[in-house]
Chemist: 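The structure follows.
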Amino acid sequence: EEMIADGNNIIILATDGEVLITSQIRTIISERFKAGVKLSIFGIKNGEATERNMRQLVELGGGDYLNMKKARKVDQLLVEEIKSQSIIKK
C-alpha cells in the first residue's frame, strides 16, 4: 500500500537469519521484486548456513547482503546501500 510508483521502494532488513524460510516467503519476495520492491539484508551474527539463506533471499529480491560482522561503520554502510539500490531521476 505504501509503494511509490517508479520510486525507491527498498526494504532493508537487519536479522540474525534465524527464521524459517518457506516457499511462501520466497514467492512473496520474488513477486514484490517484480512489482518494484527490492530487498537488502544486513546480517547480524549470521553463521554460514543462515548467510547462505539470506543471500538466496536477496537474490530473489534484487538487493544485497551485507555482513555486519565485517562492517566497521554500519551507518555509513546503510547510506551506501540506499544509494546503490536507489533509482536516480534526471
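The chain is numbered in sequence order, starting from 1. Just so it is clear, the values below take in all heavy atoms, side chains as well, and ignore hydrogens, waters and symmetry mates.
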Chemist: Is there a salt bridge (charged side-chain N to carboxylate O under 4.0 Å, His left out) between E51 and R55? Walk through the geometry before answering.
Modeler: CA-CA 6 Å; E51 182 172 334; R55 287 184 183 281; 3.0 Å; yes
Chemist: Mind checking what makes side chain to side chain donor-acceptor pair (under 3.5 Å) contact with R26, not counting sequence neighbours?
Modeler: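 Partners of R26 under the side chain to side chain donor-acceptor pair (under 3.5 Å) test: Q56.
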Chemist: More than 12 heavy atoms of other residues, nucleotides or ligands under 6.0 Å from CD of E81: is that the case?
Modeler: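 Result for CD/E81: enclosed.
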Chemist: Report the distance from atom OG1 of T15 to atom CE of M68, rounding to the nearest 0.5 Å.
Modeler: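 Answer rounded to 0.5 Å: 12.0 Å.
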Chemist: So R32 and L39, do their side chains get closer than 4.5 Å, heavy atoms only?
Modeler: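 SC-SC contact between L39 and R32 ruled out.
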Chemist: Check G63 against S40 and note the closest heavy-atom contact, atom names and distance.
Modeler: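 What the structure gives for the nearest pair is CA-OG, 3.6 Å.
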Chemist: Who are the side chain to side chain donor-acceptor pair (under 3.5 Å) partners of E80, not counting sequence neighbours?
Modeler: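 Applying side chain to side chain donor-acceptor pair (under 3.5 Å) to E80 gives Q76.
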Chemist: For D64, which residues count as a side chain to side chain donor-acceptor pair (under 3.5 Å) partner, sequence neighbours excluded?
Modeler: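 Counting only residues at least two positions away or on another chain, D64 forms a side chain to side chain donor-acceptor pair (under 3.5 Å) with Q85.
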Chemist: Working to the nearest 0.5 angstrom, can you tell me the gap between L60 CG and K34 NZ?
Modeler: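 It is 9.0 Å, given to the nearest 0.5 Å.
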Chemist: Test of understanding: clusters of I, L, V, M, F, W, Y form through side-chain heavy atoms closer than 4.5 Å, transitively. Do F33 and V37 belong to the same one?
Modeler: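 No, separate clusters.
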Chemist: Between CD1 of I11 and NZ of K38, what distance do you get to the nearest 0.5 Å?
Modeler: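 Rounded to the nearest 0.5 Å, the CD1-NZ separation comes out at 12.5 Å.
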Chemist: Are I25 and M54 linked, directly or through intermediate hydrophobic residues, by side-chain heavy-atom contacts shorter than 4.5 Å (ILVMFWY only)?
Modeler: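 M54 clusters together with I25.
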Chemist: For residues A14 and I44, report the shortest heavy-atom separation together with the two atoms involved.
Modeler: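 For A14 and I44, the tightest heavy-atom pair comes out as CB-CD1, 3.9 Å.
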Chemist: Consider only side-chain heavy atoms of I, L, V, M, F, W and Y, link residues closer than 4.5 Å, and tell whether V19 and I41 are in one cluster.
Modeler: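 Yes: a chain of side-chain contacts under 4.5 Å links V19 to I41.
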Chemist: Taking a hydrophobic cluster as the set of Ile, Leu, Val, Met, Phe, Trp and Tyr residues connected by side-chain heavy atoms closer than 4.5 Å, whether directly or through intermediates, do L13 and M3 fall within one such cluster?
Modeler: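 The answer is yes; both residues are in one hydrophobic cluster.
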Chemist: Going by side chain to side chain contact (heavy atoms under 4.5 Å, CB included), name the residues that satisfy it together with S23, two or more places apart in sequence or in a different chain.
Modeler: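 For S23, no residue satisfies side chain to side chain contact (heavy atoms under 4.5 Å, CB included) once neighbours in sequence are set aside.
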Chemist: For the CG atom of D16 and the NZ atom of K45, what is their distance to the nearest 0.5 Å?
Modeler: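 It is 9.5 Å, given to the nearest 0.5 Å.
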Chemist: Could you tell me which residues satisfy side chain to side chain donor-acceptor pair (under 3.5 Å) with N46, sequence neighbours excluded, listed by chain and number?
Modeler: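 For N46 the side chain to side chain donor-acceptor pair (under 3.5 Å) partners, ignoring immediate neighbours, are Y65.
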Chemist: Say you draw a straight line from OG1 of T50 to CD1 of I21; how long is it, rounded to the nearest 0.5 Å?
Modeler: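 Rounded to the nearest 0.5 Å, the OG1-CD1 separation comes out at 8.5 Å.
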Chemist: So how far is it from I28 CD1 to T22 OG1, rounded to the nearest 0.5 Å?
Modeler: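 It comes to 7.0 Å.
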